[in-house]
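So the structure is just underneath, and the comments pick up after that.
Nothing fancy with the numbering, it's 1 onward along the sequence.
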Amino acid sequence: MLRHIRQEKIFMKKRVTGYVETAVKAVAAARGLAEAELPEIVVELPREKSFGDFSTNIAMQLARPWRDNPRRIGEAIKAELENENALSEVTIAGPGFINMTLDLSLWHQRLKEIYRQRDKFAHLDYGAGRRVLIEFVSANPTGPLHIGHGRGAAVGDVLARLLKRTGFAVDREYYVNDAGNQMQVLGRSLRWRYLELSGKRSGEIPEGYYRGEYLLDLARELMAESGRELVSLEVEEEDDTALEFFTAYAADSILDGIRRDLELFGVGFEHWTSEKEFFTSGKVDAALADLKAKEVLYEDEGALWFASSRFGDEKDRVVVRANGVKTYFASDIAYHREKFARGYDLLVDIWGADHHGYVPRLTAAIEALGGKPDSFAAILVQLVSLSRGGTPVAMSTRSGEFITLKEVVEEVGRDAARYFFLTRDSNSHLEFDLELAKAKNNDNPVYYAQYAHARICSIMRKIEAEGLCDKAVETFSGASLTLPEELELIKKLDSLPNVLERAARTLEPHRLTYYLDDLAAQLHSYYNRNRVISDQQEVSGDRLLLFETIRQVLAICLNLLGVSAPEQM
């Protein structure tokens, strides 16, 4: 989703790409071909480990423009690559794939580089300072946050951390939907509950009102507030002053609760923006005037329509109804117009999956206002189902009660909740098993990743306490790390910048948990089969160097997820 800006050859894949690029240019020059005609060089991991460390299909890409057999082109490129001392082997496979194996000493050197960078490792300049605004959660202040909101909160917060790590200037924003009929219904619901507690109402709460117990709690709090004189507000059912009071009290109280729940979940925002303010300040009128000047608004049957179908939407959309009331879409147009006016290069909105149809109409509005197609991205977050030991848990009741984010966090802990919400792509349904999230075993992915970090910390404490190694870890070279699984661990560490860059480009923070799962599994597997400390000091020291570097990378990843990196468990 994000346009590529700039890359540095800071990890092996980039270095190898540079080797291939140099070789291809040399072959092109020998053939009298212009460099401008060269396609983008793509270097990937080969499908089979036996093929080497990296592979490229550039020879096949060049076959048509160079009008030559891809294997013959590959052989010419291979001949140039064999002059590169960093490559221990170059082979041609299939129709023209070029497979490359790096000299083992380079991997040892790379391990030392990663170790020396400490927590600065995998800080990228991919974003080149571009300003990004991520708007997420933005739940209506009509009730507490539920676990669906929690998933969106985790996705948004981790994406913000990820984009910052990769060089973007990022702000988080919560859009408070405090305008429209829903707020009037909220005010009526609280007033009804207050009058019910006062003995002035009885029976079933009216159809369409909010029914949750949280409104009874608010009504009790309101009654308990000393010095509050509400008698005059209780009399007339249609008293606008009373309705305004109850609406404001409910909205403010619920929003305060939302802020506290998000703080409990480890999520904060640089900005809280009110939808109501867009109407009262005239920003909605200004946005509609802008669209009218661009001749993309028209009247039909007394309503004002935006010609969104001209910009790829399936049909045109109403922005002002025949009764003169502006739609939510009108305020959303004004809101996104104002976001761009604040100087952001990219807007990312994180919505529930039920907003799927809303994406093309808002994209159309942004384009009509002069925004670039790649300046807006919407991430849709699918539903979460709860289970306990594999048995489904009812999410809500007829009384309007539902399982809140706060309840889940208090039961399983912040770390597990955040990690679990990111164990799958946000566009896939997620089953959240409460018992698994609390389990202290290897089946629990967050426990498995945290235990990897704690296990290494335990080893380091033992080394320090017992003096089992009389040389500092940083003095070792890693040269004795020749086992295949040791090399795979170093490669895994080296790949983190590539993982982060790809996650930033695709706006997919769940890639980080996938990486952590793999790294933890490789670490535990290696530990279970190999002694870290032995009577061979060079081997022990090199393995400690490897382990300490893994610990550093585990800590970086856990921090990006907003999850703690415990030193003991």
Side-chain angles (χ1 to χ4, degrees), residues 133-142 171-187 240 243-244 247-248 251-252 255 269-344 346-352 354-355 357-372 375-378:
L133 182 64
I134 305 177
E135 184 239 311
F136 60 106
V137 185
S138 299
N140 298 338
T142 55
D171 284 332
R172 303 166 178 87
E173 184 154 294
Y174 189 115
Y175 185 51
V176 183
N177 295 278
D178 53 1
N181 184 62
Q182 63 185 2
M183 302 311 296
Q184 303 297 309
V185 173
L186 177 65
D240 290 339
L243 183 59
E244 183 179 336
T247 300
D252 290 346
L255 191 59
F269 294 87
E270 283 76 22
H271 309 291
W272 294 74
T273 301
S274 165
E275 180 185 14
K276 184 194 299 183
E277 191 269 337
F278 279 87
F279 287 103
T280 58
S281 66
K283 291 179 181 178
V284 176
D285 291 329
L288 295 180
D290 192 356
L291 290 175
K292 186 174 183 180
K294 297 177 185 296
E295 299 183 342
V296 292
L297 296 185
Y298 64 90
E299 291 188 17
D300 186 39
E301 297 181 352
L304 189 64
W305 296 72
F306 166 51
S308 55
S309 60
R310 297 186 200 173
F311 303 93
D313 194 9
E314 61 180 2
K315 61 181 181 181
D316 294 345
R317 307 291 176 175
V318 175
V319 289
V320 182
R321 299 188 181 95
N323 61 4
V325 176
K326 299 179 181 69
T327 63
Y328 288 119
F329 183 43
S331 62
D332 281 340
I333 293 173
Y335 176 39
H336 286 77
R337 177 175 179 266
E338 193 261 354
K339 286 182 181 180
F340 281 119
R342 284 189 261 159
Y344 291 103
L346 174 68
L347 307 181
V348 179
D349 289 1
I350 299 177
W351 299 333
D354 57 343
H355 285 67
Y358 210 77
V359 177
R361 75 185 70 171
L362 190 53
T363 303
I366 290 171
E367 186 177 348
L369 289 167
K372 298 178 181 178
S375 64
F376 170 70

Whether Asp349 side chain and Ala378 backbone form a donor-acceptor pair below 3.5 Å: no
Whether Asp178 side chain and Glu275 backbone form a donor-acceptor pair below 3.5 Å: yes
Apply side chain to side chain donor-acceptor pair (under 3.5 Å) to [X] and list each qualifying residue two or more places apart in sequence or on a separate chain.
| X | answer |
| --- | --- |
| Asp313 | Ser308, Arg317 |
| Arg342 | Glu173, Glu338 |
| Gln184 | none |
| Ser138 | Glu135 |

Trace of the side-chain contact (heavy atoms from CB on, under 4.5 Å) decision for Phe376 with Thr363: CA-CA 7 Å; Phe376 170 70; Thr363 303; 3.6 Å; yes
For Phe136, all residues meeting ring-ring contact (aromatic ring centres under 6.0 Å, His included), sequence neighbours excluded: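 Here the qualifying residues are Phe269.
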Assign the ring pair [X] / [Y] to parallel, tilted or perpendicular, where the plane angle (0 to 90°) is split at 30° and 60°.
| X | Y | value |
| --- | --- | --- |
| Trp272 | Tyr174 | parallel |
| His355 | Tyr358 | perpendicular |
| Tyr298 | Trp305 | parallel |

Residue among Val320, Val318, Ile333 satisfying side-chain contact (heavy atoms from CB on, under 4.5 Å) with Thr327: Val318
Please report the closest heavy-atom contact between [X] and [Y], naming both atoms and the distance.
| X | Y | answer |
| --- | --- | --- |
| Leu186 | Ala251 | CD2-N, 3.9 Å |
| Ala334 | Val284 | CB-CA, 3.7 Å |
| Ala377 | Leu346 | N-CD1, 4.5 Å |
| Ile134 | Ile350 | CG2-CD1, 4.0 Å |
| Ala322 | Glu301 | CB-O, 3.9 Å |

Quick one: [atom1] on [X] to [atom2] on [Y], what's the gap to the nearest 0.5 Å?
| X | Y | atom1 | atom2 | answer |
| --- | --- | --- | --- | --- |
| Thr247 | Asp252 | OG1 | CG | 10.5 Å |
| Met183 | Asn140 | CE | CG | 8.0 Å |
| Ser375 | Lys339 | OG | NZ | 11.0 Å |
| Lys294 | Phe306 | NZ | CZ | 11.0 Å |
| Thr273 | Leu133 | OG1 | CG | 8.0 Å |

With sequence neighbours excluded, residues passing salt bridge (Lys or Arg N to Asp or Glu O under 4.0 Å) with Arg361: none
Is there side-chain contact between [X] and [Y], with heavy atoms separated by less than 4.5 Å?
| X | Y | result |
| --- | --- | --- |
| Gln182 | Tyr328 | yes |
| Tyr175 | Asp332 | yes |
| Asp316 | Arg310 | no |
| Phe340 | Leu347 | yes |

Flag if over 12 foreign heavy atoms under 6.0 Å of NZ, Lys283: yes
